[in-house]
Structure formats: C-alpha cells, structure tokens
Amino acid sequence: MDVLKIATAGSVDDGKSTLIGRLLYDTKSLTSDKLEAIEKKSKQLGYDYLDFSLATDGLVAEREQGITIDVAHIYFSTANKSYIIADTPGHVEYTRNMVTGASTSQAAIVLIDARKGVIEQTNRHFFINNLLRIKTVIVAINKMDLVDFSEERYNEIKSEFEVLMSKRDYQDQNITFIPVSALKGDNVVNKSDNTPWYTGETLLEHLENINQKDVFNAGTPRFPVQYVIRPKTEEFHDFRGYAGKVYGGELSVGDDVVILPSQTKSKIKEIHFYNQKVETASRRSSVLITLEDDVNISRGDMIVKSNDLPVVDKQFTATISWMDSQNLTAGNKYVIQHGVNKVLAKVNAINHKINPDYSGIDDSVSALGMNDIASVTFKLNKPVFYDAFKDHRTNGSFIIIDSKSNNTVGAGFIQ
C-alpha cells in the first residue's frame, strides 16, 4: 500500500490538530478507548462538541494551553492508502519543529483561519514548504462556519495567497484550495451542503487521488551504499552485492556507472529486489546491486551513472535552519552528516540571514540563534558528493551535529 507523508502548517489556533482529529474520526480511525477519552475530556472542559485536537496533542502543556508544541506523528489508513501526518506547531519560536516535521514529508496542508486570512505566519509556513521543495500543497481555508461559509471571503483569501505564491522560487508546486470547517466536518471527509458554490474535492478525496509518483521530486539516480553483502557460504562463495535505496531516478542492468569517491568505473550486472531479479530499480526502491567488476566499495560510497556525476568538493554553501540554543558563529566546527557519511566541517562564513516572511535578507548578522534560517558556507575535511537541493532533495540535504553533545543542531539544504 502507498504511504503518503503529510506535514501540517498554520498559525496558532488555526485548527491543525482539530482537522487531523476530524480526519481520524470521520475515517473511523480512532480506537474506542481514545474516542471515549475525548468525549470525557470534552465534557469536563464544558464543550458541547467533541474536541478533536485531543486526539493529537499528547503533551500535558499542549492540552492545558490548547496549542501544539512538539511534532506529533499520526498514523491512519484508508482502503487505498496509508498516511503519516506530522502535526507541527504554529508558533514562531517552534519554526525548527516545523522544519523537522516537513523535512521528510511529500505533501503539506497549510491552514488559514477564514476570519484572519493570510498573516505573517502563513508567509513563514509557505516559505518553509517552498524551501523544502514540498511539491503538493493543500491550502485549507478553515473555520468557514465562522464566516457563514462565504464564497466571497473564500475568494478573498485565495487571492491573498496567490500574491504570496508569486514570491516563491519553486514553481513546480501543485497548490489546491479547499474550504473546510474542521470542527463541523465540512469538506474534510464528507462533502458539505453549506458550500454549494465549491465543486472541488474534499480534503480526503484530494489526498486519496494524489499520485504517489507526483509527490517526489524527480532528479538523477543516486545510490548511496548502505551495506556490503558478502554471505561467504558455499552457495554464494564469491557473491558481493551492495544494498541501498535508489534516489532521484532509475538504475538498470547494463548501465555504465562510477563509484564515488574512488571514481572507479564498472557496469551494473544484476539488480535484486528481495528474492527476485529485476531489470530496473525504480526511484525510492530498496535493492541490492551487483557489478561486472570486483571493485572496492564500502558503506558510504555512492554508485551513479557515468554520464551524470554529482559535485565532488570539500566546500559548499547551504541554506540552513538553526535549531540549537547555542549560537552558530563563523569559525565554529561541527560534524555534517550527508547521507550515511559524516565529515568534520568548519563554518567559513555566514553570508546572510533569510527572513522567512519574504521580507528579504539581513547581511549584517554575525551569529545565528535558534530558529534562524540563513545562507552559510562550510569547509569540510574531506570531499562529499552532492547535488543542489533544488535538483535532488535527498542528495542535497544534510544535518549538522554538535561533536561534543552529539545533538542535531541544524538542518541544511545545499544551494
């Protein structure tokens, strides 16, 4: 079954958790004990309705304040597809949490309060979706019940968002607008009689009809080696295969390939998918590859087509999202993990800070604080083989690790 990973985004009280709870409720994905707990808590709080946000807000502080603080991952399935939803917080101070939740997502739901329209946080959240190259974006204009399901108000907000769309640099996004009421359930799973002027799909219908292949950014094939398979048994005495996942494109038997960083050349002999041989490994498939030549390959090496090489360099510039309470300054040293490879890196320069509300850049900064987004140049102690993030989402991204605490302190997207 296909699995679709979705990130939610929206300002405080826009109804993200309620929307997800409504999805779970209307698809009958809530267990009976969870539903009983929601009913009981809603009565205790004096509500005359079910507070579906209780289905996702798991921290005590979240339930007390009625806000989302940490990223919660919610799982549910329909007959056609499985879903993993990252319910991310809307506060400015939790920008790093949203980047974390969206970094592995293939689609995003941006919520807008129909009463407020497009606000600063909307700009910020759309900027992050643009930065992370989220290809499928659903703009859910929520709380339509509080504006009397006004078509005029819906069109006003749609026009405001289209102005925001004109500022993006990633033009391949598929953006869909849906008017909803998460609390009442209008156009979430079931079509609403309150919006006869809206002829599009409900939120779930749209999610169900998303083509899985369309959510991945097509690039060039990259095969980072995760593990070298050497059974050393009588049956497979000389067998040597390389296990990993194909990113960005396809690899086929007979392809001329280059192994990085050694630059050794060979040709794909066989491709094994579980217990069968296949002629082509499609992108996102986990396979085992054998080569015509007995070459030296280790974990962390990369197999690529000989006519389509990535950049191999000991320096790059990247847009980073800083996530640590300790500031990043020029000269600081960290460990960068790019794929399965870890390299020592020094911050060569902070080029400029990027304002995620589309208000421009600040080139006067000398340090980055928590939740800052900036362009930073790194120097590495050994070469890595990378692509620009805009061309290859997997091979163009990395994480930054503090070598002393071993904490992940930032995420980066190579320019």
Side-chain angles (χ1 to χ4, degrees), residues 9 11-12 88-103 110 118-134 160 163-171 311 313-338 343-381 384 386-391 393 396-405 407-415:
S11 189
V12 181
T88 61
H91 290 69
V92 174
E93 59 265 35
Y94 297 128
T95 298
R96 60 176 182 162
N97 301 64
M98 188 195 163
V99 171
T100 301
S103 62
V110 177
V118 173
I119 59 175
E120 180 184 343
Q121 275 297 81
T122 311
N123 291 11
R124 184 182 299 270
H125 294 150
F126 185 64
F127 174 88
I128 291 173
N129 279 297
N130 182 68
L131 172 67
L132 295 177
R133 295 304 193 255
I134 305 295
E160 290 175 8
V163 172
L164 182 58
M165 287 166 54
S166 67
K167 301 177 182 179
R168 60 182 171 160
D169 63 353
Y170 178 48
Q171 298 296 326
V311 178
D313 204 349
K314 295 173 67 175
Q315 176 174 306
F316 58 66
T317 298
T319 302
I320 72 162
S321 172
W322 190 245
M323 303 176 175
D324 196 46
S325 57
Q326 299 293 321
N327 286 356
L328 176 145
T329 59
N332 284 9
K333 295 180 180 179
Y334 301 97
V335 173
I336 280 181
Q337 179 159 348
H338 176 253
V343 297
L344 294 175
K346 183 177 80 171
V347 178
N348 196 43
I350 300 173
N351 304 314
H352 55 257
K353 190 171 85 167
I354 303 169
N355 298 321
D357 58 358
Y358 288 100
S359 61
I361 63 173
D362 181 359
D363 55 11
S364 64
V365 296
S366 57
L368 300 182
M370 185 186 294
N371 295 313
D372 280 346
I373 296 174
S375 172
V376 176
T377 300
F378 292 91
K379 281 191 173 180
L380 316 176
N381 73 329
V384 293
Y386 64 85
D387 297 281
F389 184 75
K390 65 182 179 64
D391 299 324
R393 198 174 174 205
S397 58
F398 60 92
I399 60 172
I400 307 169
I401 301 169
D402 186 312
S403 58
K404 295 178 181 178
S405 65
N407 290 334
T408 299
V409 293
F413 317 98
I414 300 173
Q415 295 175 3

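Quick note: numbers below take in every heavy atom, side chains included, and nothing from hydrogens, waters or symmetry partners.
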Sidechain-backbone polar pair: Asn381 side chain, Leu344 backbone, donor-acceptor under 3.5 Å: yes
Set of residues satisfying side chain to side chain contact (heavy atoms under 4.5 Å, CB included) with respect to Ile399, sequence neighbours excluded: Gln337, Ile401, Thr408
Where at least one partner belongs to residues 314-335, residue pairs that pass salt bridge (charged side-chain N to carboxylate O under 4.0 Å, His left out), sequence neighbours excluded: none
With Ser321, the side chain to side chain contact (heavy atoms under 4.5 Å, CB included) member among Leu132, Asn371, Val99: Val99
Contact summary for Thr317 and Ser375, nearest pair of heavy atoms: CG2-OG, 3.5 Å
Steps toward side-chain hydrogen bond (donor to acceptor under 3.5 Å, both in side chains) verdict (Thr377, Gln315): CA-CA 7 Å; Thr377 300; Gln315 176 174 306; 5.8 Å; no
All side chain to side chain contact (heavy atoms under 4.5 Å, CB included) counterparts of Ile119, not counting sequence neighbours: Ser11, Lys116, Gln121, Thr122
Lys/Arg N to Asp/Glu carboxylate O, Arg133 vs Asp169, below 4.0 Å: yes
Gap between atom NZ of Lys379 and atom CZ of Phe316 - 0.5 Å precision: 13.5 Å
Solution key, residues 355-362 side-chain donor-acceptor pairs under 3.5 Å, sequence neighbours excluded:
residue	atom	partner	partner atom	Å
Asn355	ND2	Ser359	OG	3.4
Asn355	ND2	Gly360	O	3.2
Asp357	OD1	Ser359	N	3.1
Asp357	OD1	Ser359	OG	2.5
Asp362	OD1	Ser364	N	3.0
Asp362	OD1	Ser364	OG	2.6

Neighbour count >12 (heavy atoms, 6.0 Å) for atom CD, Gln326: no
Partners passing side chain to side chain contact (heavy atoms under 4.5 Å, CB included) against Ala330 (at least two apart in sequence or in another chain): none
Main-chain N/O of Tyr170 paired with Asn130 side-chain donor or acceptor, under 3.5 Å: yes
Residue pairs fulfilling salt bridge (charged side-chain N to carboxylate O under 4.0 Å, His left out) with at least one residue in residues 364-378, sequence neighbours excluded: Lys353-Asp372
Closest heavy-atom pair and its distance - Val118, Glu160: N-OE1, 3.0 Å
